[in-house]
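First up is the structure itself, then whatever we jot down about it.
Residue numbers start from 1 in every chain, and the chains themselves are labelled A, B, ... in the order their sequence lines are given, proteins ahead of strands. These numbers come from a predicted model, not from an experiment.
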Amino acid sequence: MRIGVITFPGSLDDVDAARAVRLAGAEPVVLWHADHDLRGVDAVVLPGGFSYGDYLRAGAIAARAPMMADVVDRARQGMPVLGICNGFQVLCEAGLLPGALTRNSHLHFRNRDQRLRIERADTAWTSDYVEGQEIVVPVKNGEGRYVAAPTELERLEGEGRVAVRYVGGNPNGSLRDIAGVTSEDGRVVGLMPHPEHAVEDLTGPSTDGLGFFTSVLKAVVGA
Amino acid sequence: MPQVVVDVVLKPEISDPQGQAVLGALGRLGHTQVTGVRQGKHFVLDVEGAISRDDLERIAETLLANPVIEDVELHLPEA
């Protein structure tokens, strides 16, 4: 099982994402944004960071990188894709996920351990959790406020597309406490908090984040 | 060289905390007659040769603005 982690100029958490992939029991594959070759990976993680310095809009320029055209094509055929933080912003900008991430309502960068509720335990990236399960992983962002038009939010709630929600305090003013959303087919998931920073007792507030990376092993085998 | 100007602003229904922070600062400076601020982006494109309005709209809507949250205004050079 090979899981690609794409590095963009300005990515920060690609090494941690690769480490989480390895701890989950898969082989991490280093991918470079400017290439046009997914190297036969079974799934892709878009890591956190500040691709292109967040110029224009967070994730906007990375979403138009050569490798992203391949990711969009394969995702539309069902390849699992996880976007974390900046990766979530890239997925929204690429049109693979609905909505957008904007400047935090309080204008501050927020960095803390965050309690989340898993709302959907049947996506490619969350099947090792149970619906309603609460987990604690770090959150760290300045532009993490999830927004969409009111009618779009109603539609997303109706379709059960909210995958993860903030509980015990909303760190950035995201509408309806939305921390992460999923594609219609449940194969693409994006979230602002960082499960890859919560995979080892030594460095994280918990090991709650590992489930994202173990879930996808079954999603690919089962496909 | 002809220039095309593209203005990008958040849609009215998307809250703009940066604009609100600017409004707060204006109030502290005594400019209480200003009652609202929306912050946006202003792009000036130098254009060589012919470019259609369709091309410019595509540029504006696929890269310069995110149509999910932003509106664009194109200002073309006088023909």
Side-chain angles (χ1 to χ4, degrees), chain A residues 51-66 68-69 72 86 88-110 141-156 161 170-176 178 181 190, chain B residues 3-29 31-32 34-48 51-76:
Chain A
S51 58
Y52 292 92
D54 277 352
Y55 291 173
L56 188 59
R57 296 175 304 278
I61 297 179
R64 279 88 181 164
M68 281 307 296
V72 170
N86 191 222
F88 183 19
Q89 295 162 337
V90 172
L91 288 175
C92 289
E93 281 283 344
L96 282 176
L97 290 175
L101 286 311
T102 57
R103 188 65 62 102
N104 293 351
S105 54
H106 44 65
L107 297 174
H108 297 287
F109 192 93
R110 190 52 50 82
N141 63 64
E143 298 189 38
R145 178 172 56 110
Y146 186 81
V147 299
T151 50
E152 177 78 348
L153 282 174
E154 281 303 322
R155 187 178 71 82
L156 295 176
R161 301 273 296 278
N170 179 331
N172 48 35
S174 288
L175 297 178
R176 299 183 186 219
I178 292 173
V181 296
Chain B
Q3 291 186 327
V4 175
V5 170
V6 183
D7 287 319
V8 176
V9 289
L10 283 170
K11 288 178 185 290
E13 65 267 30
I14 304 293
S15 81
D16 176 14
Q18 293 180 96
Q20 285 162 10
V22 173
L23 179 65
L26 287 174
R28 289 190 294 278
L29 291 169
H31 300 294
T32 50
V34 180
T35 59
V37 176
R38 304 285 289 176
Q39 182 175 317
K41 299 190 184 92
H42 178 84
F43 298 90
V44 180
L45 312 182
D46 295 330
V47 178
E48 216 172 55
I51 186 164
S52 69
R53 192 182 173 93
D54 279 358
D55 281 342
L56 290 166
E57 282 175 359
R58 203 166 308 124
I59 289 168
E61 283 164 18
T62 58
L63 183 62
L64 301 185
N66 177 350
V68 173
I69 50 169
E70 293 169 326
D71 290 326
V72 288
E73 254 179 59
L74 280 182
H75 304 278
L76 303 178

Report which part of [X] has an atom under 4.5 Å of a heavy atom belonging to chain B: side chain, backbone, both, or neither.
X	value
A:R103	both
A:L107	side chain
A:E93	side chain

[X] to [Y] - nearest heavy-atom pair and separation:
X	Y	value
A:R57	B:L64	NH1-O, 2.9 Å
A:S105	B:P17	O-CB, 3.4 Å
A:L56	B:L63	CD2-O, 3.3 Å

Chain B: which of A:A60, A:A148, A:G99, A:P150 shares the most heavy-atom pairs with it under 4.5 Å?
-> A:G99

Let me know if B:E70 has heavy atoms under 4.5 Å from chain A in its side chain, its backbone, both or neither.
-> side chain

Taking everything shown except A:Y55 itself, do over 12 heavy atoms lie less than 6.0 Å from its OH?
-> no

Is the number of heavy atoms from other residues, nucleotides or ligands within 6.0 Å of CD (B:E13) greater than 12?
-> yes

Could you grab the distance from atom CG of B:N66 to atom CD of A:Q89, nearest 0.5 Å is fine?
-> 11.5 Å

